[in-house]
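Encoded as C-alpha cells, the structure appears first; notes follow it.
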Amino acid sequence: MTQIRVRFAPSPTGFLHIGGVRTALFNWLYARQQKGVFVLRIEDTDQGRSTDESIQAIIDGMRWVGLDWDEGPFRQTERIALYRDYAMKLLIQGQAYWCVCTPEELEGRRREAEAKGLSPRYDGRCRNLGIKEPTEEAALRFKAPQEGHTVVDDLIKGKIVFENQVLDDLIILRSNGYPTYNFSVVVDDALMRITHVVRGDDHLTNTPRQVPIFEALGFPVPRFGHLPMILGSDKTRLSKRHGATSIMAYKEMGYLPEAMVNYLARLGWSHGDQEVFSRQELIEKFSWDHVQKSAAVFNPEKLLWLNHEYIKTSPPDSIVQELVPLLVRAGMEDEVRAVSKEWLAQLVVLVRERTKTLTDMVMWVTPYFGQRVAYDEEAAKKYLTPTVAPALEKLLNRFQSFPAFSKPEWEEAFKQLVEQEGMKMGQLAQPVRVALTGRTASPGLFDVMEVLGRERTLDRLRQGLERARASATTDASAAR
RNA sequence: GUCCCCAUCGUCUAGCCUGGCCUAGGACGCCGGCCUUUCAAGCCGGCAACACGGGUUCGAAUCCCGUUGGGGACACCA
C-alpha cells in the first residue's frame, strides 16, 4: 500500500480565510488518519497579487488551529525552472505549441464569441501554425484532447464524465515565462507525489483540464475530491460582507482553536448525531463518504455555542494560558503577575459558564483583581443605599467573627441575617453582589466570596458599606 | 450561451447507496416552563423540513425520468 500524500495549496493573496482552513483541515485529518503526509504549498505564481505578508498569515493561521504540515512550505516561485522544463517537454513531444495571440486579441475574440452566444473558449488559432522559435512575445499552450471523454471519480461527488470537446487549449506558460495555475498544480502534485488532491468545489471543472496534462507528462493521475463551498447567511459565497472571514479574526474575538476546528469539521461533514469531537476523534472518525455534497452556510451562532462548550469543558489551566495574554493586553499585567496560576484557574471555573468567548471572559474576570472595586455607577446607586447600610454592617460583623472563610457557614449566617431582618434574599444579595463585584450580575455570591477569600471579601464589604453611607450624605445634600 | 455540480426544519445535519423501523431523528437559534440571591448554566417542553411533477413498487425522503431553483467553471487569476 502506498503512503497517502495530501496537500493544502493556498495562494497568498490575502489573509487565510475560513474556507481555506476547512480545506486544509479535511486534508490534514485524512493525512493523520492514514498516517500519511500533509504538504503545504504556496501557489504564488501570480506575481501581482502574491505577498509575503499573506504567506505569513497562512502560516500563522495554520499554526493557530494546529494544522501542522510534514513538508513545505514550498513556494512555486522557487520552482519556476521545473515548470519550464516540463513545459518544454510537452513542446518537444508535440503536445504544446506557441501562441502569439495577444491578450487584447484574445479578450476581443472572447467577447465576440460571448455576444454570439458561443462558449468563450480559445479558438485554437495558433494550434497548427507550428511556430518553432517565436520571435515575438508568445505563450505556450497545451494541446488539449478534442474527442473522447475524461472521467473523474471524485471522492465526494462520485463519478463525473466530461466531454473533451468542451476543452480548449489552455496556456501553460505565460509570455513572461511564468506557469499558469492549471499547469503548475499538475507538475507539483505529480512531483510531490500527491495521491489525493482535495480542494474547493470551484476547481471541479479544472479537473478535466488537468488530467490530460498528467497523462501527457506520463505522471500517474491522483484521486480528486471536491469540497463544497462555504456560504454566508445570504447563501452567497462567504466574504467580508458576512463579517469575519479571516481565521485570525476569530482568535482576536476570543475563540478557541479547538472549537474552530470542531465547528469547521462539522460544517459539511458529520458522524451521526455527534456534535462535539476531540481532535483525536475527528482523526479517527473522519471519512469522505460523510462529507456533504452541497454548500454549507456558515453559522456564527453555532460556532459561538461550540466555543462556549469548549470553554466550559477544557481544563482550566489551558484556558488560563489563553486568557493571560488577553488580560495583559487589557492592561492588567501587574494584577496578573500578583496572583498564582492556581487562583487564575479557580477564577476561570467561577466565570466560565457565563462567558462564550475569551473576550467575554476578560470582562467577567476583571472585577476580581485589585483591591478597590470599580462600581457600575447605576448599580451602586440602586443597591448601595442608606437603607441597606444597617444590614450590611450586621453582615460584616457576623462574617468578621469567623476566623476563616467557609462556604456553608457564611451562607448559613447570611440566610439567618436575612430572616432576622425580615428581608427577602435578593434585598441583601444584590447590594452584597454590587459591593463584591461592582455589578448586578455575577456568579453565585458564595462562590465569589470563596475566590475572593476572607480578607478581600470583608474589605469589599467595608468599601460597600462606606459607599452606602456616603450616598446618604449625597442624598441629604441633594434633598437640600 | 456551453459544460459541470447541488437540492431534508431559518441554519448545520441523520436517514438515501442496501426502499417499509420516518405520523422524518439530533444540534444551533427561537419560544414557553422548571430551578433560582443576579446573570448564566442545567433540566423539561414547543414551533419548524423531505423543492415540484411524473413514473417504478403492495409500499419512496430513499430508485428512475423530467421541471424548477441555487451554485461553480469557461483568464497570459488561483
Side-chain angles (χ1 to χ4, degrees), chain A residues 9-13 43-46 48-50 99 101-103 106-107 110 113-122 137-141 152 154 156-158 160-163 165-168 170-176 178-182 184-185 199-209 226 228-229 231 233 235-237 263 266-276 289-290 292-306 308 312 351-356 364 414-415 418 424-430 432-434 437 439-446:
Chain A
S11 58
T13 54
E43 311 224 320
D44 58 348
T45 55
D46 185 344
R49 297 198 304 153
S50 300
C99 172
C101 302
T102 66
L106 258 16
E107 178 61 27
R110 201 161 27 235
E114 251 165 35
K116 284 188 209 154
L118 298 169
S119 267
R121 311 185 307 162
Y122 178 61
E137 287 231 319
L140 196 66
R141 278 184 194 272
V152 177
D154 195 271
I156 294 154
K157 312 256 185 191
I160 306 164
V161 179
F162 298 90
E163 295 302 323
Q165 47 182 324
V166 306
L167 266 31
D168 61 352
L170 54 95
I171 288 176
I172 56 179
L173 227 49
R174 295 181 249 247
S175 50
N176 68 4
Y178 275 76
T180 55
Y181 164 76
N182 275 307
S184 54
V185 254
R199 69 241 291 197
D201 222 346
D202 45 340
H203 288 293
L204 189 56
T205 52
N206 278 327
T207 312
R209 300 159 74 91
H226 290 91
M229 328 217 15
L231 273 25
S233 50
K235 304 222 175 188
T236 63
R237 201 177 175 141
Y263 177 72
R266 217 20 217 79
L267 187 64
W269 172 82
S270 62
H271 183 79
D273 286 339
Q274 191 172 346
E275 296 287 352
V276 182
D289 44 65
H290 281 93
Q292 203 76 1
K293 288 178 176 169
S294 49
V297 174
F298 182 80
N299 183 349
E301 260 113 41
K302 191 158 184 179
L303 170 62
L304 193 61
W305 168 78
L306 249 184
H308 193 195
K312 284 188 292 183
V351 303
R352 67 181 174 184
E353 62 195 31
R354 47 218 102 203
T355 59
K356 288 178 197 277
W364 273 82
F414 189 99
K415 282 182 177 155
V418 165
K424 279 189 188 152
M425 193 66 180
Q427 288 180 297
L428 189 56
Q430 282 306 78
V432 169
R433 188 183 314 285
V434 175
T437 68
R439 307 177 184 178
T440 52
S442 84
L445 271 190
F446 302 96

Can you find a side chain N or O atom of [X] that sits less than 4.0 Å from OP1 or OP2 on [N]?
X: A/Gln274; N: B/U13; result: no
X: A/His290; N: B/G15; result: yes
X: A/Lys312; N: B/G42; result: yes
X: A/Ser270; N: B/A14; result: yes
X: A/Arg110; N: B/A75; result: yes
X: A/Thr45; N: B/A78; result: yes
X: A/Lys302; N: B/U13; result: no

Measure from the side chain of [X], starting at C-beta and using heavy atoms only, and say which of [options] lies closest.
X: A/Ser119; options: B/A41, B/U37, B/G1; result: B/G1
X: A/Leu106; options: B/C76, B/C12, B/U37; result: B/C76
X: A/Asn299; options: B/C6, B/A14, B/G10; result: B/G10
X: A/Val297; options: B/U37, B/U11, B/U38; result: B/U11
X: A/Gln430; options: B/A78, B/C74, B/U38; result: B/U38
X: A/Arg237; options: B/G72, B/U2, B/A40; result: B/G72
X: A/Ile171; options: B/C76, B/U37, B/G29; result: B/C76
X: A/Tyr181; options: B/A73, B/A78, B/A41; result: B/A78
X: A/Ala139; options: B/U37, B/A14, B/C76; result: B/C76
X: A/Ile160; options: B/C5, B/G72, B/U37; result: B/C5

Determine whether any donor atom in the side chain of [X] lies under 3.5 Å from an acceptor atom in the base of [N], or the reverse, and answer yes or no.
X: A/Asp202; N: B/A78; value: no
X: A/Ser175; N: B/C76; value: yes
X: A/Asp273; N: B/G25; value: yes
X: A/Arg121; N: B/C74; value: no

Just name whichever nucleotide pairs with [N], Watson-Crick or G-U, keeping both distances under 3.5 Å, else none.
N: B/C17; result: none
N: B/U67; result: B/A51
N: B/G10; result: B/C28
N: B/C39; result: none
N: B/A61; result: none
N: B/C3; result: B/G72

**Asked** Of A/Glu275 and A/Trp269, whose closest RNA chain B nucleotide lies nearer the 5' terminus?
**Response** A/Trp269

**Fill in**
Heavy-atom nearest nucleotide on RNA chain B taken for A/Gly268 and for A/Arg354; more 5' hit belongs to A/Gly268

[atom1] gap between [N] and [M], integer Å:
N: B/A24; M: B/G10; atom1: P; result: 15 Å
N: B/A60; M: B/G54; atom1: C1'; result: 13 Å
N: B/A61; M: B/U8; atom1: P; result: 15 Å
N: B/A41; M: B/C31; atom1: P; result: 13 Å
N: B/G32; M: B/U68; atom1: C1'; result: 39 Å
N: B/C76; M: B/G19; atom1: P; result: 49 Å
N: B/C44; M: B/G20; atom1: P; result: 30 Å
N: B/A14; M: B/G59; atom1: P; result: 29 Å

Would the distance check show the side chain of [X] and the main-chain N or O of [Y] forming a donor-acceptor pair, the cut-off being under 3.5 Å?
X: A/Thr180; Y: A/Ile171; result: yes
X: A/Asp154; Y: A/His226; result: yes
X: A/Arg433; Y: A/Arg439; result: no
X: A/Arg266; Y: A/Val276; result: no
X: A/His308; Y: A/Glu353; result: yes

**Message:** On a heavy-atom basis, which atom in A/Pro208 and which in A/Leu167 lie closest, and how many Å separate them?
**Reply:** O-CD2, 3.6 Å

Round to a whole Å and report the spacing from [atom1] of [X] to [atom2] of [N].
X: A/Phe414; N: B/U36; atom1: CZ; atom2: C1'; value: 14 Å
X: A/His308; N: B/G42; atom1: NE2; atom2: C1'; value: 11 Å
X: A/His203; N: B/A78; atom1: NE2; atom2: P; value: 11 Å
X: A/Phe446; N: B/U36; atom1: CZ; atom2: C1'; value: 13 Å

**Message:** Is it the case that over 12 heavy atoms from other parts of the model lie below 6.0 angstrom from the CD atom of A/Glu163?
**Reply:** yes

**Message:** I want to check something: taking the side chain as every heavy atom from C-beta on, are A/Phe414 and A/Met425 in contact at a cut-off of under 4.5 Å?
**Reply:** yes

**Prompt:** Would A/Tyr263 and A/Phe298 satisfy side-chain contact (heavy atoms from CB on, under 4.5 Å), going step by step from the backbone distance to the final call?
**Reply:** CA-CA 10 Å; A/Tyr263 177 72; A/Phe298 182 80; 3.5 Å; yes

